[in-house]
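The first residue in the sequence is number 1, and the count goes up from there.
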Amino acid sequence: MLTSELKARLECVLGQRIVNITRRIGGYSLALRLRLELADGRLVFAKVATTEPTARWLRREVVVYEALGSQKFLAEFLGWADDSTEPFLLLEDLSEAHWPPPWTTARVDVVLTALSEVRRAPLPPQTPALEAERAVLTRWASIADDPAPFLSLGLCSAGWLENALPTLLAAEQTLNLDGTDFLHLDVRSDNLCFIGERAVIVDWNWSSVGNGEADIACWLPSLHSEGGPLPETILPAATPWAAALAGFFGSMAGLPPPEGAPTVRTVQRTQLESALPWVVRALGLPPIEFPPIKIGV
């Protein structure tokens, strides 16, 4: 799990001997996540890159922590070290924080306040534009080209999809991604926790600059799936977002899982189960028709 060389590098940055190491399970990347107990009694979280993509994402996170380390919505940044194959990031240990669900109205409001603070934060260097992700976020055309993975989920019939596609395609094309706000772009319950009355948001590798509605909109299907309110009660008049998010999750959830992330398709399906009815309500589409149930003979 941890080579002697990596342990020595971690101790060098921390300035303390590591006396105990616990592997933390979570996230959808192949990064190694560790809880380190130090000789002075402190607990530290370490994220270690194990592949080229995880190294690239980790370096992007470091830019955010170095630029915005004093912001209340961030975990305390304790240092990092680069390496051609195993860069690592050190943060305060958040294992004793409250990780949702369950959700309360007060907790939802705390997250909305944190996202408002994120939007107003100074932009870290070289923050990419959300507009560059338009092809990723508008996916109904890919579903139209190959509907089989989407239909394999059993969430609507082929006939319903065929009739709804023109409206869905038109709606997502009106999505405005431009803006000057700082964004996290991956807000979900596994990426945020509560310490006292503040929300702490982690995993900043998708941070972008663009339309400030993005973080709220992208969070809402996940929030609703965990017992939170209907998306439109928090973000009314957000039809383009509803269309885009249903298309995004719909284009992904029926595919085979990527290497190292065996549960991500299940999570995407769960969010689709909230996003698809959301866009039906937002667009006034006919009620979803489901495929006939096949009864074994």
Side-chain angles (χ1 to χ4, degrees), residues 24-29 31 33-35 43-47 54 57-58 60-65 67-78 89-121 124 127 130 181-231 233-235 241 245 248-249 261 263-264 266-268 270-271 274-275:
R24 308 299 294 180
I25 305 301
Y28 299 114
S29 78
R33 296 165 174 84
L34 304 170
R35 187 192 198 207
L43 296 173
V44 173
F45 172 77
K47 181 191 286 188
T54 57
W57 296 334
L58 187 143
R60 179 63 212 159
E61 282 198 81
V62 169
V63 172
V64 173
Y65 282 104
L68 303 178
S70 63
Q71 298 287 336
K72 292 192 301 180
F73 54 76
L74 290 177
E76 183 183 0
F77 176 54
L78 302 176
L89 168 66
L90 300 170
L91 301 171
E92 68 174 304
D93 176 59
L94 297 172
S95 56
E96 298 304 316
H98 172 77
W99 293 81
W103 289 99
T104 64
T105 300
R107 292 293 195 196
V108 171
D109 288 342
V110 169
V111 174
L112 291 172
T113 297
L115 293 180
S116 176
E117 294 168 354
V118 171
R119 292 194 295 275
R120 297 194 304 269
T127 301
L130 180 59
D181 292 330
F182 185 51
L183 304 167
H184 179 276
L185 210 59
D186 198 18
V187 180
R188 299 189 312 267
S189 60
D190 57 316
N191 281 340
L192 64 90
C193 63
F194 299 96
I195 300 178
E197 296 304 313
R198 71 183 177 104
V200 175
I201 306 171
V202 299
D203 286 0
W204 289 88
N205 52 288
W206 294 112
S207 57
S208 304
V209 55
N211 183 344
E213 288 184 341
D215 273 341
I216 299 175
C218 293
W219 174 45
L220 294 180
S222 169
L223 174 64
H224 178 243
S225 73
E226 294 173 335
L230 289 170
T233 64
I234 293 179
L235 198 63
W241 283 111
L245 291 167
F248 172 77
F249 293 125
T263 63
V264 69
T266 301
V267 174
Q268 290 167 339
T270 299
Q271 294 184 79
S274 290

d(Asn205 CG, Arg60 CZ) to nearest 0.5 Å is 9.5 Å

Smallest heavy-atom separation, Pro101 atom then Trp103 atom, equals CB-CD1, 3.9 Å

If we ignore hydrogens and angles and just use 3.5 Å, is the side chain of Glu61 paired with the main-chain N or O of Trp204 as donor and acceptor?
yes

When rounded to the nearest 0.5 Å, the distance separating CG of Asp93 from CG of Leu34 is 11.5 Å

Arg198: what forms a salt bridge (charged side-chain N to carboxylate O under 4.0 Å, His left out) with it, not counting sequence neighbours?
none

What is the distance from atom OG1 of Thr127 to atom CG of Asp181, rounded to the nearest 0.5 Å?
12.0 Å

Search all heavy atoms of Ser189 against all heavy atoms of Pro100 and return the closest pair with its distance.
CB-O, 3.4 Å

4.5 Å side-chain heavy-atom contact, Phe249 and Ser274
no

Is it the case that the side chain of Thr104 and the backbone of Arg107 share a donor-acceptor pair, with hydrogens and angles ignored and the cut-off at 3.5 Å?
yes

If you measure from CD1 on Ile201 to CG on Leu74, what distance do you get to the nearest 0.5 Å?
8.0 Å

Tell me, please, which residues at least two apart from Gln71 pass side-chain hydrogen bond (donor to acceptor under 3.5 Å, both in side chains).
none

How close do Pro124 and Val63 get, counting heavy atoms only, and between which atoms?
CB-CG1, 4.0 Å

For Asp186, does its backbone N or O pair with a side-chain atom of Asp203 as donor and acceptor, under 3.5 Å?
no

Give every donor-acceptor pair under 3.5 Å between a side-chain atom in residues 111-118 and any protein atom, sequence neighbours left out.
unit_1 : atom_1 : unit_2 : atom_2 : d
Thr113 : OG1    : Asp109 : O      : 3.0
Ser116 : OG     : Arg120 : NH1    : 2.6

Side-chain contact test, heavy atoms from C-beta onward, threshold under 4.5 Å: evaluate it for Val62 versus Leu58 and give yes or no.
yes

Partners passing side chain to side chain contact (heavy atoms under 4.5 Å, CB included) against Ser222 (at least two apart in sequence or in another chain):
Arg188, Glu226, Gln271

Decide yes or no for Phe45 and Val202: does some side-chain heavy atom of the first lie under 4.5 Å from some side-chain heavy atom of the second?
no

Evaluate the side-chain proximity of Leu91 to Phe77: yes if any heavy-atom separation is below 4.5 Å, no if none is.
yes

Side-chain donor-acceptor pair under 3.5 Å between Arg35 and Ser95, yes or no?
yes

Hey, can you pull the donor-acceptor pairs under 3.5 Å for the side chains in residues 208-220, sequence neighbours left out?
unit_1 : atom_1 : unit_2 : atom_2 : d
Ser208 : OG     : Trp206 : O      : 3.0
Asn211 : OD1    : Glu213 : N      : 2.9
Asn211 : ND2    : Asn176 : O      : 2.7
Glu213 : OE1    : Trp241 : NE1    : 3.1
Asp215 : OD1    : His184 : N      : 3.3
Asp215 : OD1    : Leu185 : N      : 2.6
Asp215 : OD2    : His184 : N      : 2.8

Which heavy atom in Val110 sits nearest to a heavy atom in Ala199, and how many Å separate them?
CG1-N, 3.6 Å

Between Ser207 and Val64 the two heavy atoms that sit nearest each other are OG-CG2, 3.6 Å

Student check: side-chain heavy atoms of Leu94 and Ile195 closer than 4.5 Å
yes

Those residues that, when tested against Leu230, pass side chain to side chain contact (heavy atoms under 4.5 Å, CB included) (two or more places apart)
His224, Glu232, Thr233, Arg281

Heavy atoms only: give me the nearest Phe73-Ala121 pair and the separation to one decimal.
CZ-CB, 4.0 Å

Spacing of CD belonging to Glu92 relative to CD belonging to Glu76, to within rounding of 0.5 Å
5.5 Å

